[in-house]
Amino acid sequence: MLFPRFEGGYRVLNLNAPDKAAVFAADGSVLETTMNDIELHIASKHLKASLKYMEA
């Protein structure tokens with residue numbers, strides 16, 4: 001998964017299925033998504049686990 005940052009939060013792109021994406025606000029809430037509930041849960045877990053390494 002790819003987690004590019006933007007002003008309001010993070011975009012998440014599933015590299016195995018590029019048509020599946022989500023936009024998370026900085027507080028972790030979902031703003032937009034094309035993922036189903038299971039994919040969204042997995043993406044959210046990966047994002048939360050990666051945040052401590054992404055802060056610079």
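Keep in mind that what you see is a predicted model, and the values were worked out from it rather than measured.
- Hydrophobic clustering of Ile, Leu, Val, Met, Phe, Trp and Tyr side chains at less than 4.5 Å, counting indirect connections, unites Met35 with Val30.
- Residue Leu51 is grouped with residue Val12 when hydrophobic side chains (ILVMFWY) are merged at heavy-atom distances under 4.5 angstrom, including chains of intermediate members.
- Enclosure of atom CG in Asp37 is not indicated, since only 12 or fewer non-hydrogen atoms of other residues, nucleotides or ligands lie within 6.0 angstrom.
- Considering CG of Leu40 and CG of Asn14, their distance stands at 11.5 Å, rounded to 0.5 Å.
- Among the candidates Asn16, Ile42, Leu13, Leu15, the single residue satisfying the side chain to side chain contact (heavy atoms under 4.5 Å, CB included) test with Met1 is Ile42.
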Apply side chain to side chain contact (heavy atoms under 4.5 Å, CB included) to residues Phe24 and Ser44 and explain how you reach the verdict. CA-CA 8 Å; Phe24 288 89; Ser44 176; 4.1 Å; yes

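- Taking the centre and axis of the six-membered ring of Phe6, the NZ or CZ atom of Arg11 falls inside the cone set by 45° and 6.0 Å.
- Thr33 approaches Ala22 most closely through the heavy-atom pair OG1-CB, 3.8 Å.
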Give the C-alpha distance, both sets of side-chain angles, the deciding distance and a yes or no for side chain to side chain contact (heavy atoms under 4.5 Å, CB included) between Leu2 and Tyr10. CA-CA 10 Å; Leu2 185 64; Tyr10 299 91; over 6 Å; no

